[in-house]
Amino acid sequence: MTLKERDKKHLWHPLTQHKLHPDTIAIVSAKKCTLTDEDGNTYIDAIASWYTCMYGHCNPYITERVAAQMQQLDQVVFSGFTHEPAVELSEALINILPENQNKLFFSDNGSTSVEIGIKMALQYHFNRGEKRNILLAFEDGFHGDTFGAMSVSGLSVYNGPFEDYFLDVKRIPTPNGENHEAILNQLEKLVLENDIAGFVYEPLVQGAAAMKMHNAEGLNQILKFCKDHHIITVADEVMTGFGKTGKHFASDHQDTKPDIMCLSKALTAGLLPMAITSCSQAVYDAFYSDEMGKGLFHGHTYSANPLACRAALAGIELLQSDAIQQNIKQIIASHQAFNTRIKTHPKVKSTRQTGVIFALDLNIEMERYGNLRDRLFKFFMDHGVFLRPLGGTIYILAPYVITADELEKVYQTIEDALEIL
Ligand SMILES: *Cc1c(COP(=O)(O)O)cnc(C)c1O
């Protein structure tokens, strides 16, 4: 029996309706930008396995460091203990984060990093004796699948069974360059009627909303408003972090810096699950007290796992290298050239790009998980390119190490796919 046949017996996959989508593809190996399945077919990983392995799969620069760490220290409790990989990572990460970020809190996936950001924002006010219990978020945001993260996610496609249990969240539209006066007016009203504790947002690019992009200056105005009203700002950079927007972080594109940042996905270069919620000294200080109860009583068993810290350290070194910075510039230029070639195609409604993230909307109505979307996905896979269209949006977010030839094949396959629609 093949792996994909054996899979069906006991495995339950994420974000899957197994009755409608019974089939999986069994991947047996990955190298650089190439995935290989059990039948020997290869696929260019044009979405970097959900934006994680930005320096390529099984990159020896990273795997060797993790392998060496395995021989030295595998895992230890991070409550009361510390270790070199965590200390070194804190120094390296603080060095590249926006200048107001000063403390790091570890967890193990993007959703929990947001959960922690929400708890920090709520308890920040609680510890200071202020009752604030409402959160603010963008429409169409996605922040993960745990309860707090689901609550702030506007994009609750299939969250129906849980909505009664959500936190109280008010929503504002994303700034499009023209509406920020209207948003600020809406915010003025909202703060009069609600005790808003925090604003949770994806800066510049909303990933799961099909790479929806918004205006950096408009976002800056919203952040300034929040600062002025003592609303704790929580930037969910789980997707945008580590170079994707052309700068190390999407928050580097705004003058007003977030109080809290959520990091995961590319943090560990696709090797091991880990997340970090970073915060400013001011946030940390609200928890620093003679009273036990004012501490942040949150912890995960694998917090700051030494192997994951080593992977993250190697990833940050690569991100800062000239080679990777050069690759990022090349991908940006290459997407721009592709844009001029595809944007006038009759089946393309619109295109957009932020850094290495390129997206195009098709001129054709499509359900998020409908048949047409499935046909498109199958076409890409049959042609050796792993792209995961989100409804009628096709986006590219390839590893930084993708070659010019591979990128051209991705573009060409997208163009060919438009012909079958
Ligand atoms: C993927 C993602 C999350 C959730 O991260 P998980 O590790 O899948 O829990 C949260 N926020 C954003 C912006 C993401 O892209």
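Indexing begins at 1, ligand by ligand and atom by atom, following the structure's order.
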Next item on the list: State, to 0.1 Å, how close Thr354 and Met213 come at their nearest heavy-atom pair, and which atoms those are.
Entry: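 So the two residues come closest at OG1-SD, 3.0 Å.
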
Item checked: Residue of the set Lys378, Lys8, Lys4 for which salt bridge (charged side-chain N to carboxylate O under 4.0 Å, His left out) holds with Asp23 ->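 Among Lys378, Lys8, Lys4, the one that satisfies the salt bridge (charged side-chain N to carboxylate O under 4.0 Å, His left out) with Asp23 is Lys8.
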
Notebook entry, point to check: When the ring centroid of Tyr51 is compared with that of Phe242, is the distance short of 6.0 Å?
Noted result: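 No, they do not, as the ring centres are separated by 6.0 Å or more.
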
Item checked: Sub-4.5 Å side-chain heavy-atom contact between Phe166 and Asp164 ->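 In short, these two side chains do not touch, never coming nearer than 4.5 Å.
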
Item checked: Heavy-atom side-chain proximity of Asn133 to Lys131 below 4.5 angstrom ->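 SC-SC contact between Asn133 and Lys131 confirmed.
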
Notebook entry, point to check: Gln17 side chain to Lys19 main-chain N or O, any donor-acceptor pair under 3.5 Å?
Noted result: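 Indeed, once roles are kept as given, a pair shorter than 3.5 Å links the two residues.
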
Notebook entry, point to check: Any idea which residues sit under 4.0 Å from ligand 1, heavy-atom distances?
Noted result: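 Ligand 1 is contacted, at a heavy-atom distance under 4.0 Å, by Asn109, Gly110, Ser111, Phe142, His143, Gly144, Glu202, Asp236, Val238, Met239, Lys265.
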
